[in-house]
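Below, read A as the first sequence line, B as the second, and so on, with proteins coming before strands; counting in each chain starts at 1. Every value quoted in this text rests on a predicted model; they were computed, and no experiment measured them.
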Protein chains: 2
Amino acid sequence: MQITRQAEYAIKTMLELARLPFGQTLRTQEISQRQEVPEVFLKKTIQLLARGGLLATQRGAQGGVRLYLPADQITVADIIEAVEGPLAINPCLAEGQHCEKESFCPIRRILWRAQNAMKVELRRESLQEILNEQ
Amino acid sequence: MQITRQAEYAIKTMLELARLPFGQTLRTQEISQRQEVPEVFLKKTIQLLARGGLLATQRGAQGGVRLYLPADQITVADIIEAVEGPLAINPCLAEGQHCEKESFCPIRRILWRAQNAMKVELRRESLQEILNEQ
DNA sequence: CATAATTTAGACTAATTATATCTTATATGA
DNA sequence: TCATATAAGATATAATTAGTCTAAATTATG
């Protein structure tokens, strides 16, 4: 019932980048040091975020990572989904999933409500708003 | 971000028992067949529920498993906690946990809200109410 | 008291998921 | 065009979760 460590690292990374003026890059190494996450592992995490359309990466000297969208257009839900896949607390509740017991399964209904309540919160605020709150 | 398969089996088991008049027992084998969960694994799950104070078990002939409390006093949150431990979407958010960054960590605040919203839903209805809804 | 039914307990295996490392490809600037 | 910085991709290791098997303990019943 926990998000993965990788998802946590991803959120930290995105927040770190969201503090910069939009468009500015940071090296993975720098992020890893500031947020105290293992660098090589962070690179893989960044790959997932890039594939998910949340980060732009640039190789080579002067390269690095930057947000693909402005911080007011990204939510924590987006980040978790980019790293873990669909936000679902049970396989049968992932979007696009159907179960033949769906119509009468009492578990599905209660879990769906819980999942939905959680999603609503994770989508409520953008990274920008989260940082402004402090 | 998912509950474990074991937690799902546990919820199914508890709902199956909640359909019976309070005090009535069912054999593990019977539950496993009705709910289509592997029997030997279900036994382990039942142990956890019994240790968590949710089930009473009785060995021997005519033995079996029954609810320890009436179905209107049990929530899905109770069941998940008995099987998985504290309901937390990140280690730092488990009850009793403290983190020195707590006061200013932006991740903690947003995740806490999401976790709380989910918990509220999982505690909103008793097993009795869940079954009555159908 | 003997027997059969049934759960308990623990060790073990297999599968899946998470984490970490190593190698390759690409971009930049001298 | 070469050396270096940097991310991408592939592979290996570790941890967790899921499931099985065996033996022992408990209880009801004849």
If you measure from CD on B:Q35 to CD1 on B:I11, what distance do you get to the nearest 0.5 Å?
11.0 Å
Looking at CD of A:Q33 and CG of A:L26, how far apart are the two atoms once the value is rounded to the nearest 0.5 Å?
10.5 Å
Rounded to the nearest Å, what distance is computed from the [atom1] atom of residue [X] to the [atom2] atom of nucleotide [N]?
| X | N | atom1 | atom2 | answer |
| --- | --- | --- | --- | --- |
| A:R27 | D:dA5 | CZ | P | 10 Å |
| B:Q6 | D:dT20 | CD | P | 13 Å |
| A:M1 | D:dT16 | CE | P | 18 Å |
| A:L42 | C:dT21 | CG | P | 14 Å |
| A:E84 | C:dT16 | CD | P | 18 Å |
| A:F41 | D:dA8 | CZ | C1' | 15 Å |
| A:Q2 | D:dT16 | CD | P | 11 Å |
| A:E30 | D:dA7 | CD | P | 11 Å |

Go through the steps for B:R124 and B:E129 under the test salt bridge (Lys or Arg N to Asp or Glu O under 4.0 Å), then give the verdict.
CA-CA 9 Å; B:R124 183 185 298 284; B:E129 289 167 317; over 6 Å; no
With nearest nucleotides of DNA chain C determined for A:T4 and A:G60 from heavy-atom distances, which residue corresponds to the more 5′ nucleotide?
A:T4
Pick the closest DNA chain C nucleotide for A:A61 and for B:A61 by heavy atoms, then say which residue is nearer the 5' end.
B:A61
Is B:R108 paired with A:E8 through a side-chain N to carboxylate O contact shorter than 4.0 Å?
no
Would you tabulate the pairs of protein nitrogen or oxygen atoms and nucleotide nitrogen or oxygen atoms of nucleotides 8-11 of chain C closer than 3.5 angstrom?
residue, atom, partner, partner atom, Å
C:dT8, OP1, B:T57, OG1, 2.3
C:dT8, O4', B:R59, NE, 3.2
C:dT8, O4', B:R59, NH2, 2.8
C:dT8, O3', B:R59, NH2, 3.3

Side-chain touch B:E121/A:I110, heavy atoms, less than 4.5 angstrom:
no
Show me the donor-acceptor pairs within less than 3.5 Å that the side chains of residues 58-77 of chain A make with the rest of the protein, sequence neighbours left out.
residue, atom, partner, partner atom, Å
A:T75, OG1, A:A77, N, 3.4
A:T75, OG1, A:D78, N, 3.2
A:T75, OG1, A:D78, OD2, 3.2

Side chain of A:R34, backbone of A:E16: donor and acceptor closer than 3.5 Å?
no
Are any of B:Y9's side-chain N or O atoms less than 4.0 Å away from OP1 or OP2 of D:dG19?
yes
